[in-house]
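These numbers come from a predicted model, not from an experiment. Below, chains carry the letters A, B, ... as their sequence lines are ordered, and counting in each starts from 1.
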Amino acid sequence: MFRTHDCNALRKSDIGQQVTLAGWVNVTRDHGGVIFIDLRDREGLTQVVFRPEENAELAREAHTLRSEDVIQVSGRVAARLPGTENPNLASGDIEIIPSKLRILNRADTLPFPIDTEPQNEDLRMTHRYLDLRRPRLSRNLQVRHRVAKATRDYLDSQGFVEVETPILSKSTPEGARDFLVPSRIMPGKFYALPQAPQQYKQLLMVAGVEKYFQIARCFRDEDLRADRQPEFTQIDIEASFVTPDDIFAVTEGMLAAIFKAAFNVDIKTPFDRLTYREAVSRYGSDKPDRRFGMELVDLGEIFRESSFKVFRGVLDAGSVVKAINAKGFAGITIGQVDELTEIAKLHGAKGLAFIKIENGEWKSPIVKFFSDAEKAALKSKLQIEEGDCVFFGADKWEIACEVLGRLRLRIAEIQELHGRARPEPAPRGEGAPDWDFLWVTDFPLFEWSPEENKWNAMHHPFTRPKAEDMPLFDAKKFPDVRAEAYDVVLNGVEIGGGSMRIHEPQLQEKMFEVLGITAEDRQSQFGHLLHALRLGAPPHGGIALGLDRLVMLICGEQSIRDVMAFPKNNRGIDLMTQSPSEVDPRQLRDLSLKLAKDKKT
RNA sequence: GGAGCCUUAGCUCAAUUGGCUAGAGCGCCGCCCUGUCACGGCGGAGGUUGCGGGUUCGAGCCCCGUAGGCUCCGCCA
């Protein structure tokens, strides 16, 4: 037996016991005579004391110990000398007086210190196994496990069955770029790694599974971000004979179970709901962060008859004038104005108009165009006070909302209005950050793609239109057709989304038609699904939640890389294994593949 | 595909205006130290300033290029 206890197990009540511990040397404090070793395992720290007068040979050996050496010590649990207890350590009342020391493995000089927050992510990734030893990442992995287990337990309790679906699957033209896997047996043909188990889970509904879930790995060959990896994990859920309310209820129950398991906190259910239209109008985003105000206010009423030509012209053209009031932001610097203007232009605005309220004065080049009545109306509608700064967006609804929404988030960031990143999870229940859950519903069914000059499905091509919007669909008023689709948002981050699916073959055909998929392509790419819909497909719908993002938020991390064991960097490279890598020409020959051009040398 | 920031010792960072024999803390090595918990003290080793050009009497610093890292936009049904 390697050990009798872990390094966070021994307390006052164990004094006098003979124990054996094993772990890593966290730190050594060598006084020449007495030597202290903090022994660490994943559970915590225990202090080991070597005294030359008790065992000179052991002390001599202990003197050679360095950080991250792996050792085993056997000895007696002793009370610390009065006054030397360490209240910062769970095991701080006791220490081990060893009678035996085994050095299981010595460690080289470390590439980076693991007892401080390392800055160089490159280095951390190259030695990820070392990085993961750090208590924070070790904790993140454990939280992730708790979340996954709570998910399985809850969904099982609700009658959901976990079914695995293929990783080697079929490429489809819709959506993200596929990762491809060449077939050896079928030269020239390729599997695709699934972007999501979407079609499989619908086919499982046709198969009569009724309630399916899977903690599923998904793959998308797109450019990366802090919260995007080429492979990531979804909690994938699908059920038959359900309405959106059923999906909402099971999702809320599951998230409640997850937060109970991870934090022992009770989150408030049911979640609030906002329509897409409302979310974008009020927050300039389809995933609003509602933990602070600064809502978008429509000023159409005020400027409808204005003599200020810019606003009047925008309104006359059917566009909108909106504003946000950044409370206490009149002290904005020139650099910040430039940055915000840059953001506004980047998202389609021509410029950025704003008013600073300083020393009782409205400072802005546009104020002189406002009448007294307009100023009074602005003041009451935006609740303008001394020290505020008001930003305007005058443009088409989509652009004005988007621009002000982006400004709102950036200003909040500058003012640190939303909860700061926490280095440690909040203590159980207490002082926990606000967990603002929200459903956003009634997404548009289609979005226009100017590049492709065609309609695309906003969610995916299997999403059903809202029943009351079917007349609009039939009348080809595509921009106005709403989908039976929804997202679940947590603190301004989209953590999941889903929809009711099309179960009627005729409607699915119509949908493909609008999306510009030829009858031939429909058969070759979706023939199996269309056929299945003809053989007794029940009404069904579901949702998928991004497990990585959810765990990231729960752990208070800024990047999903910090909640994945072995993530890739922002070019999709695993720095530890150096993958992707070149392969032996024979492997290519087996696959009937030839590289288009020789690699650059 | 585009933009921004970054790259100096194993790690984290300094280095006034272009003047330098490139420093500090941690780590490492050696010596000392018997109650620390980021132990302490003394000494030492460790650098082609990412790489390649250029300007200059002189470049870590200025210019051009290039590689790598991070963040964002596009993209991600």
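No side-chain N or O of A/Q508 forms a donor-acceptor pair with one of A/E504 less than 3.5 Å apart.
A salt bridge is defined here as a Lys NZ or Arg NE, NH1 or NH2 lying under 4.0 Å from an Asp or Glu carboxylate O, and A/R501 with A/E484 fails to meet this definition. Note on A/E238 versus A/K201: salt bridge recorded, some NZ/NE/NH1/NH2 to OD/OE distance being below 4.0 Å. Of the charged side-chain nitrogens involved, none lies within less than 4.0 Å of a carboxylate oxygen, so that A/E513 and A/K510 do not count as a salt-bridged pair.
In this structure, the nucleotide among B/C28, B/C37, B/C75 sitting nearest to the side chain of A/D38 is B/C37. For A/V34, the listed nucleotide lying nearest its side chain is B/U34; candidates were B/C37, B/U34, B/G27. Of all nucleotides listed (B/U34, B/G1, B/C11), B/U34 comes nearest to the side chain of A/E53. Looking at the side chain of A/H347, the nearest of the listed nucleotides B/C37, B/C73, B/C11 is B/C73. Of the candidates B/C11, B/C76, B/U36, the closest approach to any side-chain atom of A/F112 belongs to B/C11.
Between the CG atom of A/D30 and the P atom of B/C29 there is a distance of 12 Å, given to the nearest Å. When the P atom of B/G27 is taken as reference, atom CD of A/E68 falls 14 Å away, rounded to whole Å. Separating the CZ atom of A/R80 from the C1' atom of B/U36 is a distance of 9 Å, rounded to the nearest angstrom. Going from atom CG of A/L340 over to atom P of B/G4 covers 18 Å, rounded to whole Å. What separates CG of A/L123 from P of B/A9 is a distance of 12 Å, to the nearest Å. Atom CG in A/L224 sits roughly 16 Å away from atom P in B/C75 (whole-Å rounding). The distance from atom CG of A/N26 to atom C1' of B/C39 is 15 Å, rounded to the nearest whole Å. Rounded to whole angstrom, the span from the CD atom of A/E339 across to the C1' atom of B/C5 amounts to 12 Å.
If you find the closest nucleotide of RNA chain B to A/I97 and to A/R66, the one lying nearer the 5' end belongs to A/R66. Summary of the strand contacts: A/A457 and A/S67 both lie near RNA chain B, and taking for each the nucleotide with the nearest heavy atom, the more 5' one is attributed to A/S67.
Here the separation of B/A24 from B/C32, taken at their P atoms, is 25 Å to the nearest Å. Rounded to a whole angstrom, the distance from the C1' atom of B/G4 to that of B/C42 is 47 Å. Atom name C1', nucleotides B/C75 and B/A14: the rounded distance is 41 Å, in whole Å. Spacing of C1' atoms, B/G18 relative to B/C57, comes out at 12 Å, to the nearest Å. Comparing the same atom, C1', in B/G46 and in B/C61 gives a spacing of 24 Å after rounding to whole Å. Atom name C1', nucleotides B/G47 and B/U8: the rounded distance is 8 Å, in whole Å. Distance noted for atom C1' between B/G74 and B/G27: 43 Å (whole Å). B/G10 sits 31 Å from B/U55 when the P atoms are compared, rounded to a whole Å.
For the pair A/H31 and B/C39, the ring geometry qualifies as stacking, because the centroid separation is below 5.5 Å while the planes lie within an angle under 30°.
Counting non-hydrogen atoms of other residues, nucleotides and ligands closer than 6.0 Å to NZ of A/K568 gives a total above 12.
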Give each protein N/O atom lying under 3.5 Å from an N/O atom of nucleotides 69-71 of chain B, with the pair distance.
from, atom 1, to, atom 2, distance (Å)
B/G69, OP1, A/N569, ND2, 2.7
B/G69, OP2, A/R571, NE, 2.7
B/G69, OP2, A/R571, NH2, 3.0
B/C70, OP2, A/N570, N, 3.4
B/C70, OP2, A/N570, OD1, 2.3
B/C70, OP2, A/N570, ND2, 3.3
B/C70, O3', A/R561, NH2, 3.2
B/U71, OP1, A/R561, NH2, 2.3
B/U71, OP2, A/R561, NH2, 3.3

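A donor-acceptor distance shorter than 3.5 angstrom exists from the side chain of A/D469 to the backbone of A/R482, with no hydrogens or angles considered. Using modelled atom types, one side-chain atom of A/R128 and one backbone atom of A/A565 make a donor-acceptor pair closer than 3.5 Å. Looking only at distances, no side-chain donor or acceptor of A/E43 sits under 3.5 Å from a matching main-chain atom of A/D41. A distance-only check finds no donor-acceptor pair linking the side chain of A/N453 to the backbone of A/P450 [under 3.5 Å].
Looking at heavy-atom distances under 4.0 Å, A/N86 makes contact with a base. Counting non-hydrogen atoms under 4.0 angstrom, A/P461 reaches a base of the nucleic acid. At a threshold of 4.0 angstrom between heavy atoms, the contacts of A/E54 with the nucleic acid are absent. The residue A/T109 sits close only to the backbone: its heavy atoms come under 4.0 Å of sugar-phosphate atoms, none of a base.
Nucleotide B/C51: paired with B/G65 (Watson-Crick or G-U wobble, both distances less than 3.5 Å). Within the shown strands, B/G44 is the pairing partner of B/C28 under the Watson-Crick or G-U definition, both distances less than 3.5 Å. Across all strands shown, B/G4 pairs with B/C70; the Watson-Crick or G-U wobble distances both stay below 3.5 Å. The nucleotide B/C57 finds its pairing partner in B/G19, both defining distances of the Watson-Crick or G-U wobble pair being shorter than 3.5 Å.
Applying the 4.0 Å criterion to OP1 and OP2 of B/C39, one finds that A/R29 has a side-chain N or O inside that range.
Every residue two or more places apart in sequence or in another chain that forms a salt bridge (Lys or Arg N to Asp or Glu O under 4.0 Å) with A/E68 is listed here: A/R40, A/R133.
Shown here, B/C20 is classed syn by the O4'-C1'-N9-C4 or O4'-C1'-N1-C2 angle, which is within 90° of 0.
Counting distance only, with no hydrogens placed and no angle test, the side-chain atoms of A/R220 and the base atoms of B/C76 include no donor-acceptor pair under 3.5 Å. In terms of polar N and O atoms assigned as donor or acceptor, the side chain of A/D223 never comes within less than 3.5 Å of the base of B/C76 in a complementary pairing.
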